[in-house]
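Heads up, the thing below is written out as structure tokens.
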2 protein chains.
Amino acid sequence: MITLTEENYIKAIYHLGKYGVNNVSTNAIAKEMETKASSVTDMVKKLSEKSYVDYKKYQGVTLTQKGKEIAINIVRKHRLWEVFLVEKLNFSWDEVHEVAEQLEHIKSKKLISQLDAFLEFPTHDPHGDPIPDKMGHIKKIDKILLSEAEIGNDCICVGVQDSSSEFLKYLDKNNIALGTELKVCHREAFDNSITIKIKTKELIISNMIANNLFVKIS
Amino acid sequence: MITLTEENYIKAIYHLGKYGVNNVSTNAIAKEMETKASSVTDMVKKLSEKSYVDYKKYQGVTLTQKGKEIAINIVRKHRLWEVFLVEKLNFSWDEVHEVAEQLEHIKSKKLISQLDAFLEFPTHDPHGDPIPDKMGHIKKIDKILLSEAEIGNDCICVGVQDSSSEFLKYLDKNNIALGTELKVCHREAFDNSITIKIKTKELIISNMIANNLFVKIS
DNA sequence: AATAATTTTTAGATTTATCTAAAAATTATT
DNA sequence: AATAATTTTTAGATAAATCTAAAAATTATT
Ligand SMILES: [Mn+2]
Ligand SMILES: [Mn+2]
Ligand SMILES: [Mn+2]
Ligand SMILES: [Mn+2]
């Protein structure tokens, strides 16, 4: 039996290790989990004992195949529940994460496969993140950060990097949602802010905003 | 903050105390929770400390107003989730309890009020048990056990006493569901088994079955 | 290469929920 | 009313997950 705490550690290690980082450090996990490094060391030993991670003292951890499967299944559940909350229960995209953090730990294979079917097999969650399929396969689309787009590019919003409530509300306020089409008009050299055009309306956004919005060149 | 364990104890005390029993005994709780009496004593002290129950040594416990509200809210969540599983995710009535036991602990007011609306404010769960409303009000219908019905009575099935998978599957097998109409034809004095007629088909059911099926005289 | 800074681990405590075994209180039976 | 049976509580242990403080290892800087 895997505990809720173990699941959360595995998920954290997965997210930290997902972009090439092979050995996730104790401190990184501690920061992600909002706990102390000493607690992480204890847990990491336990996870290693249970073969969810490979661990060598002072060298950080990597998920084993078994660990990776568990992590991906939790991510799958999290994202399916987020879709459910938005599509069926009228939650807005900035309200779903907290509840999904709880729902992702519910254990029932049938529940998830039926939920998946009920939602008509969605491929992405409300923040544009891909939903792993039943086999754990994740198909990633070629998205770039808006900050990396070139002047003149016609783009379509496909995701967010930061999915904090504050950022999502900022986007809502400026009528930017997934699917919104925009054109990159100008980049200010001084602060890297960029001017974008949505339909006919121009909007200046900071580099920090542009760094947290994924787009696809259309 | 209330823990999952505390919630389960409060729910158990609620169910044990719901039919008039004012002081729920340590042993009764231990049996319900599948734990030891000594563990119950420890927890009951904690619940008393937190004002969820009134407790006097050797006298058993009663839920306080606060405790009762928590219990009813958990029951509400449990039953709403059961409806969701059956109505939306095609679970059968013998599969829902286990999952609902997990889902009932998810903490989000919005989730439950939206789920309630999504399900169009159901009044009863798949086993015929009433769903408390947002205010905690439970309206109980006048149902009797089939074993208490009289010969000649035309009845309609409205609930089950035992909602174990085995019993529910027995009912499925014999085409008895909530809403099924039946007539009580004969009672065998020897073993209190009764003969019922569903549509045109006669069926003999044991007293034990009749003792676990609620009906309304129609 | 030596020293300093940082990271990670160990040692030992604490909290929560559980257990067993024994003592105390209550209830039932003679 | 005394004794027996049952229930409930206490005392003390254990396992999981956390913490603080200090030691050990690694990495960065002089
Ligand atoms: Mn999320
Ligand atoms: Mn998401
Ligand atoms: Mn149930
Ligand atoms: Mn039910």
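The sequence lines fix the lettering, A, B, ..., with proteins before strands; numbering per chain opens at 1. When reading the values below, keep in mind they use all heavy atoms of this one structure, side chains included, and skip hydrogens, waters and symmetry mates.
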Spacing between [X] atom [atom1] and [N] atom [atom2], to the nearest angstrom:
| X | N | atom1 | atom2 | value |
| --- | --- | --- | --- | --- |
| A/K36 | C/dT14 | NZ | P | 16 Å |
| B/E6 | C/dT15 | CD | C1' | 13 Å |
| A/M1 | C/dT18 | CE | P | 14 Å |
| B/M43 | C/dT15 | CE | C1' | 12 Å |

**Message:** Can you tell me how the ring of A/Y170 sits relative to the ring of A/F167, calling it parallel under 30°, perpendicular over 60° and tilted otherwise?
**Reply:**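 Plane angle under 30°, so parallel.
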**Message:** Below 30° counts as parallel, above 60° as perpendicular, anything between as tilted: where do the rings of A/W81 and B/F84 land?
**Reply:**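 Ring orientation of A/W81 relative to B/F84: tilted.
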**Message:** Applying side chain to side chain donor-acceptor pair (under 3.5 Å), can you list everything that pairs with A/K31, at least two apart in sequence or on another chain?
**Reply:**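 Not a single residue meets the side chain to side chain donor-acceptor pair (under 3.5 Å) criterion with A/K31.
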**Asked** Of all residues at least two apart in sequence or in a different chain, which pass the side chain to side chain donor-acceptor pair (under 3.5 Å) check with B/D172?
**Response**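 So B/D172 forms a side chain to side chain donor-acceptor pair (under 3.5 Å) with B/W93.
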**Request:** Please list residues of residues 97-108 of chain B whose heavy atoms come under 4.0 Å from any atom in DNA chain D, ordered by number; otherwise none.
**Result:**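 Going residue by residue through residues 97-108 of chain B, none turns out to have a heavy atom under 4.0 Å of DNA chain D.
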**Pairs touching residues 66-77 of chain A that satisfy salt bridge (Lys or Arg N to Asp or Glu O under 4.0 Å), sequence neighbours left out** =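 Pairs touching residues 66-77 of chain A that pass the test: A/R76-A/D116.
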If [N] has a Watson-Crick or G-U wobble mate with both distances under 3.5 Å, name it; if not, just say none.
| N | value |
| --- | --- |
| D/dA15 | C/dT16 |
| D/dA5 | C/dT26 |
| C/dA11 | D/dT20 |

**Prompt:** Do side-chain atoms of B/Q161 reach the backbone of B/N212 as a donor and acceptor pair under 3.5 angstrom?
**Reply:**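 No, the answer is negative, given that no donor and acceptor are paired below the 3.5 Å cut-off.
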**Request:** Tell me, please, which residues at least two apart from B/S113 pass side chain to side chain contact (heavy atoms under 4.5 Å, CB included).
**Result:**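 Testing B/S113 for side chain to side chain contact (heavy atoms under 4.5 Å, CB included), a comparison that skips the adjacent residues, returns B/K134.
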**Prompt:** Ion pair present between A/K107 and B/E98, side-chain N to carboxylate O less than 4.0 angstrom?
**Reply:**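 B/E98 and A/K107: not salt-bridged.
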Close N or O pairs between protein and nucleotides 7-13 of chain C (under 3.5 Å):
{"from": "C/dT8", "atom 1": "OP2", "to": "A/N27", "atom 2": "N", "distance (Å)": "2.8"}
{"from": "C/dT9", "atom 1": "OP1", "to": "A/Y55", "atom 2": "OH", "distance (Å)": "2.4"}
{"from": "C/dT9", "atom 1": "OP1", "to": "A/Y58", "atom 2": "N", "distance (Å)": "3.0"}
{"from": "C/dT9", "atom 1": "OP2", "to": "A/T26", "atom 2": "OG1", "distance (Å)": "3.0"}
{"from": "C/dT9", "atom 1": "OP2", "to": "A/T41", "atom 2": "OG1", "distance (Å)": "2.8"}
{"from": "C/dT10", "atom 1": "OP1", "to": "A/K57", "atom 2": "NZ", "distance (Å)": "2.6"}
{"from": "C/dT10", "atom 1": "OP2", "to": "A/K45", "atom 2": "NZ", "distance (Å)": "2.4"}

**Prompt:** Is any side-chain nitrogen or oxygen of B/T35 closer than 4.0 Å to OP1 or OP2 of C/dC19?
**Reply:**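 Yes.
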**Item:** A/K143 to A/F214 six-membered ring, cation-pi geometry met (6.0 Å, 45°)
**Value:**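 The answer is yes; both the distance and angle limits are met.
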